[in-house]
A.B. asks: 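Please see the structure below; I have some questions.
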2 protein chains.
Amino acid sequence: MGVTLKDIAFTLGLSPSTVSRALNDHPDINEQTRKSVKQLAKKMNYQVNKMASGLRTRKTYAIGVIVPKIASHFFSSVLSGIQKVAGSNDYQVYICQTNESTKQEIKYISSLMAGSVDGILVSLAKGSKNLKHIKQIIDGDMPLVLFDRTSDQFKVPKIEAEDFKGAYRAVTHLIEIGCKKIAHLAGPDNLGASHNRLLGYKQALIDNKIPIDEKLIIPCDFDPEKGREAVRNLISGPIDIDGIFSVNDEIGVEVILALQAMGINVPQQVAVVGFGDFPICEIVMPHLSSVMHNPYRIGYEAAECLFDQINSSQKGKNFRHIIPSQLVIRESSRRS
Amino acid sequence: MGVTLKDIAFTLGLSPSTVSRALNDHPDINEQTRKSVKQLAKKMNYQVNKMASGLRTRKTYAIGVIVPKIASHFFSSVLSGIQKVAGSNDYQVYICQTNESTKQEIKYISSLMAGSVDGILVSLAKGSKNLKHIKQIIDGDMPLVLFDRTSDQFKVPKIEAEDFKGAYRAVTHLIEIGCKKIAHLAGPDNLGASHNRLLGYKQALIDNKIPIDEKLIIPCDFDPEKGREAVRNLISGPIDIDGIFSVNDEIGVEVILALQAMGINVPQQVAVVGFGDFPICEIVMPHLSSVMHNPYRIGYEAAECLFDQINSSQKGKNFRHIIPSQLVIRESSRRS
DNA sequence: CTGAAAGCGCTTACAG
DNA sequence: CTGAAAGCGCTTACAG
C-alpha cells in the first residue's frame with residue numbers, strides 16, 4: 001500500500017535523503033526542489049511512516065494518559081481537551097483506564113515507560129498511596145504532568161481544579177443562606193482534589209467562627225451509595241444538620257434523592273451544594289447547586305504543559321496550575 | 001534507557017536472532033535456551049520495541065476508533081469495552097473524536113489509513129451521508145467494523161443495539177398502559193440506530209392497530225433542546241398526546257422536565273419512555289423508563305469482531321450482530 | 001538448533 | 001545544495 005520516500009525520490013530523480021529533507025523543511029534545501037517534492041508527495045498521498053521515523057529519531061509521536069475511568073463526565077471531558085492539544089501537535093493519545101486499581105496503574109506505567117510514548121499524563125487511582133511507580137516515571141526522565149488527582153510528593157507540574165477556593169465559596173454560600181450545621185461528604189484524603197475541598201470546607205467554617213465538628217465530615221470515597229448511607233445516619237442520629245457540601249455531584253444528587261425519600265425538604269430544611277457542575281445538576285429536582293470547574297480546560301492545559309516539556313526537553317518544573325472555578329447557585333441552596 | 005535484543009544476546013553469548021526466536025516461542029528453539037533467555041529478559045526488564053518490530057512485520061499493534069463524542073455516557077462505555085479487548089490482545093487504541101463532523105471523520109480516516117493502525121472501528125457522525133471515506137477503508141483492505149451508528153450501504157460487520165425490538169417493546173408497553181396517541185421524538189434518519197428505533201415504533205403501532213400519524217414523529221437530531229421545543233409544540237397544538245417515546249434518554253429527560261414545567265403530570269397525563277438506560281434515568285423525577293442496551297458489550301463485541309479479522313486476515317463478513325436490550329419500567333410510565 | 005545477513009522506511013552526520 | 005552510507009531494533013528466509 002504505502003508510498004515511501006524512495007518512490008518519490010525515484011520519480012523525481014532525487015535521493016531519499018533530499019526528499020526527506022525537503023519534506024521536513026530542512027533549511028539547506030533548494031526552494032524549487034522543496035516545492036516539487038511537496039507537490040508530488042501530496043499528489044501521491046504520501047504519509048510518513050511513523051514507525052520508521054520514530055525508530056530513527058527515538059520519538060513515538062504518542063503520549064499516554066492514565067485515568068481512573070473513561071466513562072465519566074469529568075474524565076471524558078478532560079480527555080477531549082487532551083485530544084485537542086495532542087491532535088494539533090500531531091500526536092496520538094494512548095488512553096489507559098485503571099478502574100481505580102493501583103495494580104493496573106503500575107502495569108500501564110511500566111508498559112508506557114518501555115518506549116511507547118514521549119510523555120505521560122496521570123490522574124491517580126483513588127487507592128494509590130504507595131507511589132513508587134510515579135517516581136519511576138520521573139527517574140526515567142519521562143515528561144510527566146499530574147492532573148486533578150495529584151500528589152504533593154512529587155516536584156512536577158500539576159493541573160488542578162480550583163478545589164480549595166471552590167469548596168470555600170460553596171460552604172460560605174451555605175453559611176450565608178443561614179446554615180449553621182454543615183456536613184461534608186468527603187472524598188479519599190490522599191488525593192489532592194478531595195483533600196483541598198476538605199480544607200476549603202474547614203477554612204470557610206473557621207472564617208465564619210463555626211466550630212469544626214469531625215463527626216460532620218464523612219468519607220464517602222466517591223461512592224454515591226456511601227453518600228446515601230451517610231445521609232441516613234446524619235439524619236437519624238442526634239445531630240441536626242441544615243446543610244451538606246458534597247465532594248462531587250454524583251454524591252450530591254444522591255444526597256438530594258435520599259433526603260427527599262426521608263421526607264426532608266431541600267433546600268428549606270437541608271440545603272445541598274455539590275462540586276463539578278455535571279449535567280445531572282439540572283436534572284435532579286430541585287436542581288443542584290454546584291462548583292463549576294472546567295474539565296475540558298484541565299485536560300487542555302495539562303496536555304499543553306506536557307508538550308512544553310516534550311518540545312523543549314526541559315524537565316517539568318514543580319508548579320501547581322489552578323483552573324478557576326465558579327459557584328453556580330440553583331434551587332438546592334436557594335431559600336426564599 | 002532501553003534494553004535491546006542485542007544486550008540480552010551479548011550477556012548470554014547468543015545471537016540476536018536466537019534471542020528473538022526464544023522470546024517469540026519459535027518451535028525450533030532449544031528448551032533450555034528459551035528458558036534462560038526469558039529469564040534474563042525478565043530480569044533485565046526487557047520490553048520489545050514495538051516500532052522496530054512493527055516496521056519489520058508491518059503490524060502496528062494499534063487499532064483506531066472513530067466516535068462522534070467521547071464525553072458521553074454511551075460512547076465512553078463503548079470505549080471501555082473496546083479498551084478491554086484491545087488490552088488483552090496487547091493492542092493500543094487510538095481514539096478519534098469527530099464531534100459529529102464529517103470533515104473530521106474523513107481526516108481521521110485518511111490519517112489512520114496511512115499505516116498507523118491494523119484495523120478501524122467506526123460509529124458514524126450524525127451528518128455523514130456521503131460515505132466515500134468508509135468505502136476507502138474497505139477498498140484499502142483495512143479491517144473494519146461499524147458499531148451503533150452504522151449504515152446498510154456496506155457489506156461489513158455491524159454491531160448494534162437491539163434498536164428495533166427495544167423500541168417495539170417500549171411502545172407496546174406505552175400502549176398497554178393505555179396510551180392512544182404516542183409521539184416519537186426521533187433521531188437522524190440516516191443512522192441505523194435511530195432509523196431502527198423509528199421502525200420499531202411504527203411496527204408497534206401497526207400491530208396494535210393504531211394509525212401512524214406522521215405529525216407525531218418529530219426529528220430531534222439527538223438535540224435535547226429540540227426535544228423541549230417539540231414537547232412545547234405538541235402540547236400547545238391541537239393534538240392531544242398521552243405518551244412519548246424518545247430516541248434517547250437525554251431527550252427523554254428533557255421531555256419530562258418540559259412537561260412538568262407546563263404543569264402536565266407524568267405519567268398520568270403523558271407517559272414517557274426513553275432509550276439507553278443512562279444513569280440520569282434514576283435521577284430525574286419521576287424516574288424515566290428506558291430501554292437498557294449495553295454499551296460496554298457493544299464495544300467489547302465490536303472489538304472482538306475486529307480482532308477476528310486482524311488475526312485471521314480474513315475480510316469481515318457482511319453481518320449484523322445485535323446486542324440484546326431490555327425494557328426497564330420506572331415511574332415515568334407506571335400508572336396506578 | 002543456531003547464526004549471519006538483509007531489510008523494513010526513515011533520518012542525519014559526513015563528504016563533496 | 002545534494003547524495004551515499006550507516007544505523008535505529010527487530011524479524012526471518014537462508015544456510016549450515
Side-chain angles (χ1 to χ4, degrees), chain A residues 1-38 40-41 44-62 90-92 111 113-118 313, chain B residues 1-38 40-41 44-62 90-92 111 113-118 313:
Chain A
M1 41 169 225
V3 180
T4 70
L5 279 188
K6 234 170 121 184
D7 300 326
I8 298 180
F10 180 79
T11 313
L12 250 37
L14 289 166
S15 76
S17 328
T18 305
V19 174
S20 170
R21 289 195 189 94
L23 290 172
N24 291 312
D25 287 323
H26 191 98
D28 281 358
I29 293 294
N30 178 292
E31 193 47 47
Q32 194 50 49
T33 312
R34 188 198 317 280
K35 249 191 207 157
S36 56
V37 167
K38 288 205 169 175
L40 183 62
M44 294 175 82
N45 193 26
Y46 171 78
Q47 308 261 160
V48 41
N49 180 323
K50 289 201 172 176
M51 300 217 147
S53 76
L55 184 58
R56 217 9 260 259
T57 60
R58 322 300 4 260
K59 283 211 149 202
T60 62
Y61 305 108
D90 222 10
Y91 261 66
Q92 296 286 0
S111 148
M113 286 299 289
S116 45
V117 295
D118 296 344
S313 61
Chain B
M1 40 169 225
V3 180
T4 70
L5 281 187
K6 234 170 121 184
D7 300 327
I8 298 180
F10 181 80
T11 313
L12 251 35
L14 289 166
S15 75
S17 328
T18 305
V19 175
S20 170
R21 288 194 189 95
L23 291 171
N24 292 312
D25 286 321
H26 190 99
D28 282 359
I29 293 292
N30 177 293
E31 193 47 49
Q32 195 48 52
T33 312
R34 189 199 315 281
K35 250 191 205 158
S36 58
V37 166
K38 287 204 171 178
L40 183 62
M44 295 175 80
N45 193 26
Y46 170 77
Q47 307 262 160
V48 39
N49 180 322
K50 289 203 171 174
M51 300 218 146
S53 77
L55 183 59
R56 215 12 257 258
T57 59
R58 312 319 352 265
K59 281 210 152 202
T60 63
Y61 304 109
D90 222 10
Y91 261 65
Q92 297 286 0
S111 148
M113 287 300 289
S116 44
V117 295
D118 296 342
S313 63

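So that the names make sense, note that chain A is the first sequence line, chain B the second, and so on, each numbered from 1. Note that the coordinates shown come from a computational prediction; the quantities given were computed from them, not determined experimentally.
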A.B. asks: Does a nitrogen or oxygen in the side chain of A/Y46 sit under 4.0 Å from OP1 or OP2 of C/dC10?
C.D. replies: yes
A.B. asks: May I ask you to verify whether the side chain of A/R21 and the base of D/dG3 hold a donor-acceptor pair under 3.5 Å?
C.D. replies: yes
A.B. asks: Taking only side-chain nitrogens and oxygens of A/N49, does any of them come within less than 4.0 Å of OP1 or OP2 of C/dC8?
C.D. replies: no
A.B. asks: Just checking A/D90: does its CG atom have more than 12 heavy atoms from other residues, nucleotides or ligands closer to it than 6.0 angstrom?
C.D. replies: no
A.B. asks: Want to settle it: does B/V19 or A/M51 sit nearer the 5' end of DNA chain C, counting the closest nucleotide to each?
C.D. replies: B/V19
A.B. asks: Does A/T18 place a side-chain N or O at less than 4.0 Å from the phosphate oxygens OP1/OP2 of D/dG3?
C.D. replies: yes
A.B. asks: Identify the two heavy atoms, one from A/P16 and one from A/L5, that lie closest to each other, and give their separation to 0.1 Å.
C.D. replies: O-CD1, 4.1 Å
A.B. asks: Below 3.5 Å, does any donor atom in the side chain of B/R58 face an acceptor in the base of C/dG9, or the other way round?
C.D. replies: no
A.B. asks: So if I take every side-chain heavy atom of B/V48 and compare against C/dG3, C/dC10, D/dC10, which nucleotide ends up nearest?
C.D. replies: D/dC10
A.B. asks: Would one find a side-chain N or O of B/S15 under 4.0 angstrom from OP1 or OP2 of C/dG3?
C.D. replies: yes
A.B. asks: Under 3.5 Å, is there a donor-acceptor pair between the side chain of A/D118 and the main chain of A/T60?
C.D. replies: yes
A.B. asks: Should B/S17 be listed as having a side-chain N or O under 4.0 Å from OP1 or OP2 of C/dA5?
C.D. replies: no
A.B. asks: Name the nucleic acid region contacted by A/D28, choosing base, sugar-phosphate or nothing; use a 4.0 angstrom heavy-atom cut-off, strictly under.
C.D. replies: base
A.B. asks: Would you indicate which nucleotide in C/dT2, D/dG9, D/dT2 comes nearest to any side-chain atom of B/I29?
C.D. replies: C/dT2
A.B. asks: Between A/T4 and C/dG9, does any side-chain N or O lie under 4.0 Å from OP1 or OP2?
C.D. replies: no
A.B. asks: Given that both distances must come in under 3.5 Å, which nucleotide forms a Watson-Crick or G-U wobble pair with C/dA13?
C.D. replies: none
